[in-house]
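Below: one structure, written as structure tokens.
Residues: numbered from 1 along the sequence shown. All values below were derived from every heavy atom in this structure, side-chain atoms included, with hydrogens, water molecules and symmetry-related copies excluded.
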Amino acid sequence: MASAKDAGFAPILAALSTMQSNVQGKEKGEAHQFLEKFQKSADAWTVTGAILQDSSTTVEARLFAATTLKGKITYDLHQVPNDALPALRDSLLQMLQLYISGPRPIRTQLCVCIASLAVQMLSWKNVLSTVGSAVGTTNDGGDTMLDFLRILPEEVTEGRKINLSEEELNDRTKELLEDNAAQVLTLLVQYSQSSPAAATNPRLYECTASWLREIPVVDVVNSPLLDKTIAAIDDSRSFDAAVECICTIYKDTRDVDEMKSVIMALYPKVLALQPKIREAAESEDADVMKGVTRIFAEAGEAWVVLIARMPKEFRPLVETILECCVRDQDRESIAITFNFWYELKQYTTLDKYVEARAALADIYSKLVDVMIQHLAFPTPEDGNEADLFDGDREQEDKFREFRHTMGDVLKDCCEAIGVTDCLSKAYALIQRWGQTYGSQVSGDKVPHWQELEAPLFALRAMGGMVSPEESRVLPQVIPLLTTVPDHDKLKFQAIMALARYTEWTAHNPEVLEAQLNYVISGFNHKSPEVVQAAALAMRFLGTDCAKLLGDHIPQLQQFYDGVLDKLKASSQEEITEGVAAVVAVQPVPKIYASMKLFCDPVMNRIVSFAEQAKDDDGEKVVADYLGLITTFIQYVQPYVSPNEENPAVKYCKEVLPVLAGISKHFTKSIPILERVCKCWRYMVVSYRTAMAPLLGELATAIAEGYQASKQGCFLWATDAVIREFSHGAEFVDQATSENVFAFFAQQATVFFRILSDLDVVELPDMIEDFFRLASDAVRYYPTKTLTSELAEPMAKASLTALTLQSLEPILAALHFLRDVLDFGHDQPPVSALAGPTGNAQATPPEIQNAVKRILSNTGQEMVQRVMTGMMFSFPEDVFPDASAVLLALFNIVPQAAAQWVGNTLQLLPAGTLKPAEANKLMSGIAEKLQQNEPRKVRVLLQDFTNSYRRRNVAPREGLGRLEAARFRFAG
């Protein structure tokens with residue numbers, strides 16, 4: 001055999017070696033780029049074959065070659081002449097014979113290659129027999145055939161990657177799958193009966209699961225293969241594959257009316273596996289427990305309608321799923337059942353299944369007990385309460401996340417059997433703990449605190465389900481919560497539980513004072529988590545019990561001012577929301593004084609810290625306090641008539657100059673500038689046209705801030721002014737509207753100047769903010785904007801934005817273009833052009849003509865930027881908007897748009913697009929335009945750009961794996 005050098009693939013092997021070595025990043029990057037280019041080249045066909053047939057090359061290199069070959073067949077088969085396809089097929093089969101005994105990863109990739117070729121090679125009719133003859137009947141040959149059979153349906157399903165028409169793909173699917181289904185089932189049954197080893201071969205059940213897409217499930221259930229699959233669960237070798245196969249069978253039985261006979265045949269066989277739950281629990285094998293739980297839980301999910309209809313017959317299955325929950329002491333598999341409990345609750349809470357609800361109520365009642373038991377924190381064997389998870393932070397995070405998911409199951413139980421019964425169970429556990437251990441509490445030393453904390457968490461989790469009118473359990477529970485000991489986890493959970501019942505408290509004011517005192521005591525706790533919980537509780541007490549606290553403004557302000565500086569920023573925000581809600585319910589004559597009482601101390605802090613701020617940390621403190629002023633503005637929105645002075649606006653007038661001064665001083669501090677702009681924005685959003693007296697001063701401050709800082713947040717603030725003071729807005733006069741548009745024009749001019757001075761890559765956030773502002777200008781001032789001198793520069797700037805790599809600015813630019821193009825149609829897209837009756841009038845000719853003028857100068861570049869973006873660089877999330885721009889162009893100027901598409905195709909790199917493919921696209925576009933179906937042109941362009949990107953731009957498989965230190969190959 002020729003050496004690697006003689007074969008011509010030495011550079012490939014060298015690059016692969018570099019990828020797996022410890023060399024510097026630059027060399028590895030160059031190697032990666034070289035290999036990626038090689039994978040898409042025509043030479044890869046012969047080089048990969050040579051590498052695969054050279055046993056002296058490393059296994060890693062041969063796997064790379066097989067993976068590359070798979071990509072070539074999937075995306076680049078057009079590089080092979082049709083008359084050479086039989087030779088390619090025979091070559092692949094010969095290579096498969098070389099790897100029948102492994103390594104399996106290479107064998108699998110070659111099976112994928114052959115399956116993908118089979119889908120595309122329409123003249124190949126006897127696929128199964130050809131492959132079967134090639135691999136032979138040895139054990140390894142049987143495994144290889146099973147691998148190929150498993151892969152074939154998957155590759156047919158992935159046929160959209162392949163350049164076949166819909167009709168060709170449908171015909172090929174029938175030939176390869178539907179017409180072979182009966183033969184494949186016969187082969188699988190024969191193989192399963194051929195030997196004990198075959199019956200426990202996991203590949204058999206992987207293959208069966210794959211073909212269940214084609215083989216009718218009734219045929220599988222009525223065949224010997226079902227019993228073989230169930231028996232395979234007893235063997236560790238085939239356990240996972242058999243479980244997966246059974247669960248795949250369930251999926252085909254979800255239409256319970258059509259599949260009832262199949263289900264009734266399958267049900268007893270599945271139920272007979274119940275003893276395996278106890279076996280799995282006793283063996284403490286978490287993986288087996290997960291598999292067994294899946295068998296029952298997914299059966300329940302598939303047949304949940306039958307359970308609701310026939311609760312007596314299917315009760316054993318529900319009990320079995322509950323047993324899985326009970327025996328899962330390690331909490332590794334219980335989550336698999338959660339969706340079943342939710343689905344069952346969804347049905348049993350319907351009136352038509354009330355019988356099932358009653359029949360299964362006791363199971364849901366037991367489920368509550370199980371869930372609360374599983375909620376408990378572990379008890380450390382060494383008694384070290386400071387580290388309940390032996391230093392395993394990952395396990396601790398997993399447990400905390402898991403508890404919240406279990407909380408959702410408790411909510412399901414509340415709906416299934418009623419809130420009162422569920423609350424009563426948690427209350428009984430709390431009472432029992434108090435009777436057993438309450439006398440042993442000493443300060444924060446609390447015996448068996450886990451047994452108290454779990455029902456406290458349960459109460460908190462169920463809070464959202466409890467009606468404010470509940471009167472049986474909560475009157476006993478809430479007072480009990482305010483006596484929970486000072487242990488950090490207990491106090492945290494008690495305060496969090498109280499926070500969930502503040503709506504109930506608002507209807508039961510007699511319990512408010514005790515709660516308030518208990519929550520306030522949490523602010524002095526040594527645990528930061530308890531302090532955070534107290535701040536959150538104050539937020540909900542304030543927002544839900546605002547009217548009850550309305551007479552306590554002085555005391556609240558004293559408390560607020562005293563604790564504010566001790567809290568984290570998030571807790572400052574939460575407690576501020578609470579007190580702001582109380583201020584908001586004050587009588588209008590008291591609003592100004594109340595805002596001043598709370599906000600002036602905060603403003604004094606802002607000014608003081610602003611004078612001291614010398615670094616990022618100092619600026620962050622200023623920004624955080626600025627955010628609190630915004631919170632008051634968001635919450636305090638008194639209703640006053642248009643002729644009266646708004647007391648909140650009166651306070652805004654006092655702070656506006658201070659905010660303007662801060663924005664001028666901190667021109668480089670993004671956190672401060674963003675908070676100032678957010679404050680200004682919400683002044684306009686909250687008080688709307690009541691801000692008119694301050695509009696001139698506010699606009700000046702925004703404009704000066706933008707020019708000085710060049711930060712997009714000022715454009716975001718401008719956007720609020722455009723929205724609230726646009727032409728036609730209620731209580732906005734013509735002069736104000738004109739001034740507002742002039743304000744926008746000024747901001748746009750500054751934006752263009754900045755864009756010309758700096759690289760767009762440095763301005764993604766500003767570009768996003770500008771085009772969101774520009775979109776609103778188009779919508780609220782369509783005539784002024786689209787017929788102005790700003791229109792074309794904005795359109796060109798949006799095309800520049802499309803060259804960025806960031807999602808949000810591209811999305812904003814595309815939305816802007818869509819808004820502009822919408823006015824090129826006969827009907828306007830928004831109410832800005834509505835007539836006196838409120839109905840949309842036809843778009844005026846001057847606006848339509850303005851859009852067409854913009855397109856006459858930018859249309860070619862627009863199509864080029866959008867299409868090349870879809871083919872090369874756009875994030876996937878923008879594709880719908882990008883294709884919508886193309887659709888709009890074809891609706892407005894169809895013939896010109898077609899010409900622009902054709903010109904764009906001519907600019908694509910040589911060799912990446914066959915002339916026939918370009919001609920097919922252009923003729924398809926012409927046909928759809930002739931049929932007056934521009935929407936189908938959009939589909940053609942989407943399919944074309946997706947196909948081009950997959951073939952020429954998207955990375956091929958195989959390279960990422962090479963960076964691993966060593967592959968593990970199964971024989």
Side-chain angles (χ1 to χ4, degrees), residues 386 443-444 481-482 484-500 502 512-546 549 552-583 594-636 655 662 671-672 675 679:
D444 62 353
L481 292 179
T482 61
V484 168
D486 210 36
H487 184 282
D488 56 350
K489 283 188 168 54
L490 295 177
K491 186 141 192 169
F492 171 83
Q493 215 56 259
I495 291 176
M496 291 295 284
L498 289 173
R500 295 304 299 268
T502 50
L512 175 60
E513 185 175 354
Q515 289 185 64
L516 199 57
N517 291 335
Y518 187 77
V519 170
I520 288 174
S521 72
F523 285 96
N524 298 318
H525 202 280
K526 62 183 180 182
S527 167
E529 287 78 15
V530 173
V531 175
Q532 287 178 264
L536 182 64
M538 283 300 298
R539 171 192 171 193
F540 288 116
L541 282 168
T543 53
D544 291 334
C545 305
L549 295 169
H552 302 280
I553 286 288
Q555 298 94 318
L556 268 180
Q557 195 280 329
Q558 187 177 6
F559 159 72
Y560 175 72
D561 198 45
V563 302
L564 193 61
D565 296 333
K566 303 175 185 177
L567 303 176
K568 290 183 177 180
S570 58
S571 294
Q572 288 178 339
E573 183 68 33
E574 286 166 348
I575 193 173
T576 301
E577 289 180 31
V579 297
V582 179
V583 172
S594 298
M595 279 192 79
K596 194 168 180 63
L597 182 66
F598 279 92
C599 293
D600 272 1
V602 179
M603 287 301 301
N604 291 338
R605 287 175 170 88
I606 291 170
V607 173
S608 174
F609 284 114
E611 292 173 350
Q612 303 170 34
K614 304 297 182 186
D615 53 22
D616 291 346
D617 290 339
E619 291 174 359
K620 185 178 184 304
V621 172
V622 176
D624 290 339
Y625 282 114
L626 283 166
L628 304 185
I629 297 297
T630 304
T631 300
F632 279 101
I633 291 170
Q634 287 177 272
Y635 272 78
V636 183
V655 302
I662 288 173
I672 289 178
R675 296 301 176 88
C679 193

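- Note on residues 558-572: pairs passing salt bridge (Lys or Arg N to Asp or Glu O under 4.0 Å), not counting sequence neighbours, are D561-R605, D565-R605.
- In this structure, I662 CD1 and I606 CD1 are separated by 6.0 Å, a value rounded to the nearest 0.5 Å.
- The local environment of CG in D616 is sparse, with at most 12 non-hydrogen atoms from other residues, nucleotides or ligands closer than 6.0 Å.
- A donor atom on one side chain and an acceptor atom on the other are not found under 3.5 Å apart for D488 and S527.
- Under the 4.5 Å side-chain criterion, counting only non-hydrogen atoms from C-beta, L536 is not in contact with I495.
- Note that CG of L498 is 11.0 Å distant from CE of M496, once rounded to the nearest 0.5 Å.
- Here the closest non-hydrogen pair linking A537 and A499 is CA-CB, 3.8 Å.
- In this model, a donor atom of one side chain and an acceptor atom of the other lie less than 3.5 Å apart for S608 and Q612.
- Within the 4.5 Å cutoff, the side chain of L512 has heavy atoms near those of the L549 side chain.
- Closest of all the heavy-atom pairs between A546 and A581 is CB-O, 3.6 Å.
- Between R675 and T630, every side-chain heavy-atom pair lies at or beyond the 4.5 Å cut-off.
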*Take T631 and E573 through the side-chain hydrogen bond (donor to acceptor under 3.5 Å, both in side chains) test and state the conclusion after the steps.*
CA-CA 8 Å; T631 300; E573 183 68 33; 2.4 Å; yes

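- When all heavy atoms are compared, the tightest approach of A534 to G522 is CB-C, 4.0 Å.
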_For L626 and C679: C-alpha separation, side-chain torsions, deciding distance, then whether side chain to side chain contact (heavy atoms under 4.5 Å, CB included) applies._
CA-CA 8 Å; L626 283 166; C679 193; over 6 Å; no

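- The closest side-chain heavy-atom distance from Q532 to L567 is not below 4.5 Å.
- In this view, Y560 and F598 satisfy the ring-ring contact (aromatic ring centres under 6.0 Å, His included) rule, not counting sequence neighbours.
- Closest approach of T543 to E577, counting heavy atoms only: CG2-O, 4.0 Å.
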*asked:* Does V583 form a side chain to side chain contact (heavy atoms under 4.5 Å, CB included) with Q557? I'd like the steps, not just the answer.
replied: CA-CA 10 Å; V583 172; Q557 195 280 329; over 6 Å; no

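- To the nearest 0.5 Å, atoms OG1 (T482) and CG (N517) are separated by 9.0 Å.
- With contacts defined as side-chain heavy-atom distances shorter than 4.5 Å, the pair L564/Y625 qualifies.
- To the nearest 0.5 angstrom, L490 atom CG is 11.5 Å from L481 atom CG.
- Ion pairing of D624 with K620 is present here, as a side-chain N (NZ or NE/NH1/NH2) and a carboxylate O approach within less than 4.0 Å.
- Taking both residues in full, the closest heavy atoms of L516 and M538 are given as CD1-SD, 3.9 Å, listed atom of the first, atom of the second, then distance.
- With sequence neighbours excluded, no residue forms a side chain to side chain donor-acceptor pair (under 3.5 Å) with E574.
- Rounding to the nearest 0.5 Å gives a distance of 10.0 Å between NZ of K596 and CE of M603.
- The CD atom of E513 lies 8.0 Å from the NE2 atom of H552; values are rounded to the nearest 0.5 Å.
- In terms of heavy-atom proximity, Y518 sits nearest to P485 at OH-O, 4.2 Å.
- At a threshold of 4.5 Å between non-hydrogen side-chain atoms, the residues I575 and F559 count as touching.
- Within the 4.5 Å cutoff, no side-chain heavy atoms of V484 are placed close to those of K491.
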